[in-house]
Amino acid sequence: MQKIKDLFSEKFVDNEIETRGWIYRWRESGKIIFIILRDSTGIIQVTVSKDMVGEEDFNSAKSAGIESSVIVSGILKRDERAPGGFEVLAKKFVLVGKSLNFPITKDKSDEFLLDMRHLWLRSREMTAILKIRSTVFEFLHDFFKREGYYEVQAPMFVSSAVEGGSTLFEVPYFGRKAYLTQSSQFYLETFIFSLENVYTVAPSFRAEKSRTRRHLTEFWHCEAEVAWIGNDEMMKIEERMIMHILDGVLKNNKEELILLKRDISKLEDITLPFNRMEYADIIKLGKDVGLDLDYGSDLGADEEYAITQKFEKPTFVIHFPKEIKPFYHRPDPQNPSVVLNHDLLAPEGYGEIIGGGERIFDLDELLQRIKEERLNPEDYSWYIDLRKYGSVPHSGFGLGIDRLVWWIAGLEHIKYAVPYPRNVRRLVP
RNA sequence: GCCGCCGUAGCUUAGCUGGUGGAGCGCUCGGCUGUUAACCGAGUGGUCGUCGGUUCGAAUCCGACCGGCGGCGCCA
């Protein structure tokens, strides 16, 4: 039994082979049937003719519809008329699982394909994306393993918000109210006092009615928290991490990137270090380009687009005004009106993929910021506790893994980066 | 939450200055021994999103509702 990809080799030519898969294309021309067979590794043409396979097998090949699963044995031939230059001359054709009329045909709208996602996953495009996605997760874990991190797990059911603004999904919890986590950051901070360097890969949930090409209500979140380091060192870790993943995808998924028509040179040209820009300088730069930007307003989609179009590699935007960032970010001792934080913006207009920074580690400073933001300290009692018993300077970040896949694969909308995307409307399939 | 847009056959759509709904793909049948999302012939398929209004007459005009899409805000 051979995988389809392995058949594209001189060593099998004129030899007996056997392979199996699903019918990707089917056409007949008189007494010969052409089948394009697909498996997880690729596609190959199979020709079925009556005098080669006999009446019975020929009839099952004739009745087999798109996406039928089949086992074929025969002779591998070189033939320039076949796509890819090789084809299988069938001697035996076994229909394993019949396929009814496959609902996905030539014309397909975005929405229809989302409704049919459980079947559309088989498409060459989705298969390529899923392979890239698999590599991204693999090299993400690989990076942390190499750098000596511990992987930890935080709860998905939580009792309150990490930050005030975001909307939480409420779920009934034995007569009480619970919420689905929107970030594991606070829990990660609890682990650093024993494990020092920790990370987690888990879903986060946001009940925002966002309708943009980069928002989902459920997304895969990689978060890390590191003891004893500051904002600058955190950024260096992150850029190494992104480079490691990029290298992994470029090494393992060239074929998939090509199939997706990704401009690979744009990824290959990225080198360390990434760009760094002060928030204040962005505002100045924005004014020069004619954007309506005031110091103290958060960067909107237009601004991010303008910035990320300008640069060929990812850009850290650092030192945001503290008012527009959550209370736990540490104000810069040199200039307490800004915080020691960073957002990482992916190039080519993709925008924010990471948010991170240094956390306040002083008890009084944290209480002060909670008070300024008019939050209730009781809601953060165990988080505040961490500043009472041997607090240390520390930093962390959150990476939107789906957004990373979205950018690397060069996709139009984040929903293509995720097998079963969830947004305010979509819960099926 | 705000601003735009769209619902016609299984899918993709034309018809929208009102006068009995057309096409391509799919599917069924037939033809072809080299097709490349093949081609040729025949057939199949529609309470035009729902309800109401205007009119002699509504897919078409008006209103409400339902469903969806794109963008902004929010963020990963």
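Numbers restart at 1 for each chain; the letters A, B, ... are given by sequence-line order, proteins then strands.
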Whole angstroms only, please: what is the CZ-C1' distance between Phe169(A) and C74(B)?
14 Å

Could you please name the partner base of C16(B), counting Watson-Crick and G-U wobble pairs only when both distances are under 3.5 Å?
none

Just call it for Asp402(A): base, sugar-phosphate, or nothing, with non-hydrogen atoms closer than 4.0 Å on any strand.
nothing

Rounded to whole Å, the CD1-P distance (Ile324(A) to C75(B)) equals 9 Å

Is a donor from one side chain sitting under 3.5 angstrom from an acceptor on the other, for His244(A) and Asp142(A)?
yes

What is the distance from CH2 of Trp407(A) to C1' of C75(B), rounded to the nearest Å?
19 Å

Out of C74(B), G68(B), U35(B), which nucleotide sits closest to the side chain of Thr212(A)?
C74(B)

Aro-ring/base stack Phe34(A)-G34(B), d under 5.5 Å, angle under 30°:
no

Whole angstroms only, please: what is the CE-C1' distance between Met241(A) and A76(B)?
11 Å

Quick one: label Leu216(A) by what it contacts on the DNA or RNA (base, sugar-phosphate, nothing), any heavy atom closer than 4.0 Å.
base

Any side-chain N or O of Lys415(A) less than 4.0 Å from the OP1 or OP2 oxygen of G70(B)?
yes

Between Phe320(A) and His329(A), does the ring centre distance come in under 6.0 Å?
no

Contact class for Leu399(A) (heavy atom, under 4.0 Å): base, sugar-phosphate, or nothing?
nothing

No-hydrogen, no-angle side-chain donor-acceptor test under 3.5 Å, Glu223(A) and Ser183(A)
yes

Select base, sugar-phosphate, or nothing to describe what Pro103(A) touches, counting heavy atoms under 4.0 Å on all strands.
nothing

Mind checking if His215(A) touches a base, just sugar-phosphate, or nothing, with heavy atoms under 4.0 Å?
base

Side-chain atoms of Pro83(A) come closest, of C72(B), G34(B), U35(B), to U35(B)

Paired nucleotide for C27(B) [Watson-Crick or G-U wobble; both distances under 3.5 Å]
G43(B)

Indicate, with a heavy-atom threshold strictly under 4.0 Å, whether Asp115(A) touches base, sugar-phosphate, or nothing.
nothing

His394(A), His342(A), Arg330(A) screened by side chain to side chain donor-acceptor pair (under 3.5 Å) with Glu358(A), the one that passes:
Arg330(A)

Is it the case that G34(B) (base atoms only) and Glu87(A) (side chain only) share a donor and an acceptor within less than 3.5 Å, ignoring hydrogens and angles?
yes

Considering only the P atoms, how many Å lie between G18(B) and A58(B), rounded to the nearest integer?
13 Å

At less than 4.0 Å, is any side-chain N or O atom of Arg206(A) found next to OP1 or OP2 of C75(B)? Yes or no.
no

Taking a pair as Watson-Crick or G-U wobble with both distances under 3.5 Å, which nucleotide is matched to G7(B)?
C66(B)

Does the C75(B) base have a donor-acceptor partner in the side chain of Ser210(A) within less than 3.5 Å?
no

Between G34(B) (P) and Asp51(A) (CG): distance, integer Å:
13 Å

Closest listed nucleotide, where the reference is the side chain of His413(A) and the choices are C72(B), G71(B), U35(B)
G71(B)

Base, sugar-phosphate, or nothing: which does Arg25(A) touch, judged by heavy atoms less than 4.0 Å apart?
sugar-phosphate

What is the pairing partner of G1(B), taking Watson-Crick or G-U wobble pairs with both distances under 3.5 Å in any strand?
C72(B)

Any donor-acceptor pair under 3.5 Å between the side chain of Arg214(A) and the base of C74(B)?
no

Over all strands shown, is Arg403(A) touching base, sugar-phosphate only, or nothing at heavy-atom distances under 4.0 angstrom?
base

In terms of ring plane angle, is the pair Tyr383(A) and Phe186(A) parallel, tilted or perpendicular, where the classes change at 30° and 60°?
parallel

Would you indicate what Lys209(A) reaches in the nucleic acid, counting non-hydrogen atoms under 4.0 angstrom: base, sugar-phosphate, or nothing?
base

Would you say a side-chain N or O of Ser29(A) is under 4.0 Å from OP1 or OP2 of G34(B)?
no

Can you find a donor-acceptor N/O pair under 3.5 angstrom joining the side chain of Arg211(A) to the base of G70(B)?
yes

Just checking Ser49(A): base, sugar-phosphate only, or nothing, at a heavy-atom cut-off of under 4.0 Å?
nothing

Distance-only side-chain donor-acceptor flag, Tyr416(A) / Glu125(A), under 3.5 Å
no

Donor/acceptor link under 3.5 angstrom from Gln45(A) side chain onto base of U35(B):
yes

Is the phosphate of C32(B), meaning OP1 or OP2, less than 4.0 Å from a side-chain N or O of Lys31(A)?
yes

Nucleotide nearest His221(A) when distance is taken to its side chain, options U33(B), A76(B), U35(B):
A76(B)

For Glu223(A), which contact category applies under a 4.0 Å heavy-atom criterion: base, sugar-phosphate, or nothing?
nothing

Under a 4.0 Å N-O cut-off, is there an ion pair linking Glu67(A) with Arg122(A)?
yes

What is the separation between atom CG on Leu114(A) and atom P on C69(B), rounded to the nearest whole Å?
8 Å

Kindly indicate whether the side chain of Trp407(A), heavy atoms from C-beta on, has any atom under 4.5 Å from the side chain of Leu246(A).
yes

Taking for each residue the nucleotide of RNA chain B bearing the nearest heavy atom, is the 5' side occupied by Lys106(A) or by Glu111(A)?
Lys106(A)

Selection from G34(B), G73(B), C11(B) that lies nearest to any side-chain heavy atom of Phe112(A)
C11(B)

Please measure how far the C1' atom in U28(B) lies from the corresponding atom in U13(B), and state the result in whole Å.
23 Å

Taking the C1' atom in each of G22(B) and A59(B), what is the distance between them to the nearest angstrom?
13 Å

Heavy atoms of Pro203(A) and Met156(A) approach each other most closely as O-SD, 3.6 Å

In whole angstrom, what separates Asn423(A)'s CG from G67(B)'s P?
14 Å

Pick the nucleotide of RNA chain B nearest each of Asp110(A) and Leu89(A); which residue has the one closer to the 5' end?
Leu89(A)

Interatomic distance at C1', U47(B) relative to U12(B), whole Å:
22 Å

For nucleotides G10(B) and C48(B), find the distance between their P atoms and express it as a whole number of Å.
12 Å

